[in-house]
Amino acid sequence: MQITGARFPGRYIQAQGLLSRLGEESKSLGKSALILLDGFLADSQGDAVRSGAAPLAVELLVHGGECSEQEITRGVDAGRKAGVDLIIGIGGGKTLDTAKAVAYRLDGLPCVIVPTIAASDAPCSALAVVYKQDHTVDYDYFLSRNPDLVLVDTQIIADAPARFLAAGIGDALATWYEAESCREAGAENSWGTHGSALAFEIARFCRDTIVEFGAEALAECDENKVGEALERIVEANILLSGAGFESGGVAGAHAIHNGLCELHDVHGYLHGEKVAIGVLATLLIYDRQDEFEKVREYCKSVRLPVRLSDIGITEVTDEKLRKVGERACRPNDLMDNEPKKITPDMVMDALRKLS
Ligand SMILES: [Zn+2]
C-alpha cells in the first residue's frame, strides 16, 4: 500500500499588525497561555505581546536562546506551575521549536506559533530540532501535531533585517527541487508517506512565488515596508515551503546543508544560506548546467550565497570537502531520497566547482 498525503498547520493567518489580535485569534484554543518570548524581543515587543494577548490570561517566560532539553523542561515546569491550557511561542526558530516541544510534553496542549522572522520553513511544521548545550544538534523531535495556529505579523517581519528574509528564500528554493527528487525517487517524506499531488503543486507554487517576488520583497524589507511582494514572500517562506517540505519530502540540498554544518567555518551563516549552496551543488551533481546558471543568477538577485567563500569557507581543502561529503551521504539519510546514487566524491567535486 502506498499512502500519499500532505500536512499543514491547523490554521495559518497573516497580516500587517496582526500581533495585536493574538488573543482574539487564539481564544478558541484556550483561556490561559504560557508565552515563550524570544530573548531578543523581550524589551521591544514585551508590552505589545501582553496587550495583544487579551483576553487570554498570560504567563510570560523569556526564552533562554537554545532549543535544548534544559529549555524545554523549563517551559514544561513553568506551564505546569501556572496551570495553563495553551502554549504560545513568539520569536525565531529556536523559541518556536521549544514552544512546540513544550506543548507536546504537556499532554499535547494546543500550540500557537508567531514567527518574527521568515528565515526558514520551520514554523508550520510538526518538528522541533533539539540542540545540546554546546549548540550541536541533539535530535529531531517529531511531534504528533502541527501547530494549531500560525499567526504572522508581516510588519514585524519587515522590521527585521532583510538578510533573514533572504535566508528564508534560500530554504524555500530547495523545496521544489527536493520534492521533485523525492517524487522521482519514490521516496517518502519524514512522516513515512509519499507526497500527494497537492504537495507537489504547493512546492511548484512556492518556487514560482519566490522567483516572481523575491527581489522586490527584499527591497521592501530594506525600507521596513509591507508591500504585496513582502506579503507573498512571507507566505512562500513560511507556509508554502513549510507544507511543501513536510509533505513533499527533503533530499540532497538539505543533505549537503547538514554536511556543511560539520565545518566550523559556516557557523555564522543562516540555515537557508547554506541550503542555497546545497541546491546549487545538487544541480552540479546532476550536471544540469543551464538550470545551475539560472539558479545562480537568481540567488545573486536575492542576496543568497553562490560560492563557498560566501558562507565562510575561504580555505577549501580536500579534508574539509571530504568531511562534508561523508556527512551529506551518510547511509539511511536524506541523500537516499535522490533518484540517483550520490557519493561523497560527487559532492566534493560539485563543491569544488563552487570554490
Ligand atoms: Zn530547511
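Fair warning: this is a prediction, and the values are worked out from it, not measured in the lab. Just the heavy atoms: all of them, side chains too, but no hydrogens, waters or symmetry mates, feed the values below. Each ligand, and each atom within it, is numbered from 1 in the order the structure gives. Residue numbers start at 1 and run along the sequence shown.
- In summary, the side chains of Glu235 and Gln14 do not present any donor paired with an acceptor at a separation below 3.5 Å, with no hydrogens or angles considered.
- Checked against the 6.0 Å centroid criterion, the rings of Trp176 and Phe200 do not qualify as a close aromatic pair.
- Across every non-hydrogen atom of Thr343 and Cys329, the tightest pair is C-SG, 3.5 Å.
- Taking the N/O/S atoms of Asp171 in turn, the shortest distance to the Zn ion (ligand 1) belongs to OD1.
- If you look at His254 and ask which of its N, O or S atoms sits nearest the Zn ion (ligand 1), the answer is NE2.
- Ring to ring, Tyr286 and Phe292 are not that close: their centroids are 6.0 angstrom or more apart.
- The Zn ion (ligand 1) lies at 2.8 Å or more from every N, O or S atom belonging to His257.
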